Protein chains: 2
Amino acid sequence: MKTEELLKTDHLIDTKKLVINIMLCAGKATTMMNEALKPYEISMQQFNVLRILRGQKGKPANLSTIQDRMVNKMSNTTRLVDKLIKKNLVDRCICEENRRKVEIVITGEGLNLLKTLDPIVDQLEENFSQHINKKELIQLNETLEKLRN
Amino acid sequence: MKTEELLKTDHLIDTKKLVINIMLCAGKATTMMNEALKPYEISMQQFNVLRILRGQKGKPANLSTIQDRMVNKMSNTTRLVDKLIKKNLVDRCICEENRRKVEIVITGEGLNLLKTLDPIVDQLEENFSQHINKKELIQLNETLEKLRN
DNA sequence: ATTAAATAAATGTTAAAAAAATAAATTTGA
DNA sequence: TCAAATTTATTTTTTTAACATTTATTTAAT
């Protein structure tokens, strides 16, 4: 094999490793998250929707806004919100300015649940990155952000 | 707030960012992968099982081996293998030494499919990391491996 | 004003995944 | 040896996701 080809092969191995590493890390984070949330009978996705709504600071969000901000864009956000409504964690009403749209807000109960979950999730996130130091953490975020482009 | 607390808050923000970045990157890779595999009517998970089996180099693998090596450990590997059998990509028979176990091997057809898919996936993986340079790639892999512990 | 096109969300259907329960074969240990 | 425990895989049930279709509303064009 020519040197050039060797370099190419070598690079390919590293990119393959990268994809696997990313997947494994994401899998680990997801598992940790779901296990932590399980006692509260809430899925990671539901939790994320609640956080998005809290981020609105009282301002209602419509379905497409939520969908845009979700990590795993899935088609049936309607039903995800349905479940949160059933648990009394969010409210929904039709938007009066544009009656096609729907306005979703987090309830007091939803905010309380988040308040309970916050320290648990914070701790979990700290644990997740416990094996790397501050410098590596910052560097890692920078590089990962480049990958997202 | 005391300096110590500020530092803690600051660190927390970075760890939160990390979890989100990992999720988004994994989501991107998954989407790219599934789209590339779609024309071949094979899911990413099925593809990974095939690669695990090829890695066995003829030696049969049993279900728990496959499960251990899978990125997204899911409980119904049986079903996943069923689908591959239906497509004639793998074979399964019960292990004679220990009749609880099952022996799974990739078929010639399965190997051929992988041969077709290999360059497509290679290209995709290269594309995935196109925005970072070699040094960043290597550094990234090293740090991600620490996270997996 | 009326119709067509576009937008936003909901619904129905089908497929896939996760979780839990069950079944079969093997080990262990009295 | 034989019941209890363990391992390995399957089956069943429940949840979740993906895809296509439908409904309601608004915007734009004639």
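The structure presented is a predicted model; accordingly, all values stated were derived computationally and were not measured.
DNA chain C lies under 4.0 Å from at least one heavy atom of each of the following residues of residues 88-100 of chain A: A/R92, A/R100. For DNA chain C, the neighbouring residues in residues 46-64 of chain A, judged by any heavy atom under 4.0 Å, are A/N62, A/L63, A/S64.
Protein atom CG of A/D82 is 11 Å distant from nucleotide atom C1' of C/dA9, rounded to whole Å. Distance CD (A/E103) to C1' (C/dA10): 17 Å, rounded to an integer number of Å. The distance between atom CG of B/N76 and atom P of C/dA17, rounded to the nearest whole Å, is 7 Å. Rounded to whole Å, atom C1' of D/dT15 lies 15 Å from atom CD1 of A/I42. Atom P of nucleotide C/dA20 and atom CZ of B/R79 are separated by 16 Å, given to the nearest angstrom. Rounded to whole Å, atom C1' of C/dA10 lies 14 Å from atom CD1 of A/I66. For the pair A/K101 NZ and C/dA10 P, the computed distance is 13 Å after rounding to whole Å. At whole-Å resolution of the value, CE in B/M44 and P in D/dA17 are 16 Å apart.
When the side-chain nitrogen and oxygen atoms of B/K38 are compared with OP1 and OP2 of D/dC19, one or more of them lie within a distance under 4.0 Å. Look at A/K83 and you'll find a side-chain N or O under 4.0 angstrom from OP1 or OP2 of D/dT16.
Taking every heavy atom of both residues into account, B/N127 and B/M32 meet most closely at CB-CE, 4.2 Å. In terms of heavy atoms, A/A36 sits closest to A/I120 at CB-CG2, 4.1 Å.
Using modelled atom types, one finds a donor on one side chain and an acceptor on the other under 3.5 Å when comparing B/T65 with B/N62. Side chains of A/R51 and A/Q46: a donor-acceptor N/O pair is absent below 3.5 angstrom, by distance only.
Atom CG of B/L84 is separated from atom CZ of B/R92 by 10.0 Å, given to the nearest 0.5 angstrom.
Using a 4.5 Å heavy-atom threshold, the side chains of B/L80 and B/I66 count as separate. The side-chain heavy atoms of A/D91 and A/I85, taken from C-beta on, include no pair separated by under 4.5 Å. For the pair A/L137 and B/T143, the minimum side-chain heavy-atom distance is 4.5 Å or more.
In this structure A/N21 satisfies the side-chain hydrogen bond (donor to acceptor under 3.5 Å, both in side chains) test together with B/N141, B/E145, B/R148, sequence neighbours excluded.
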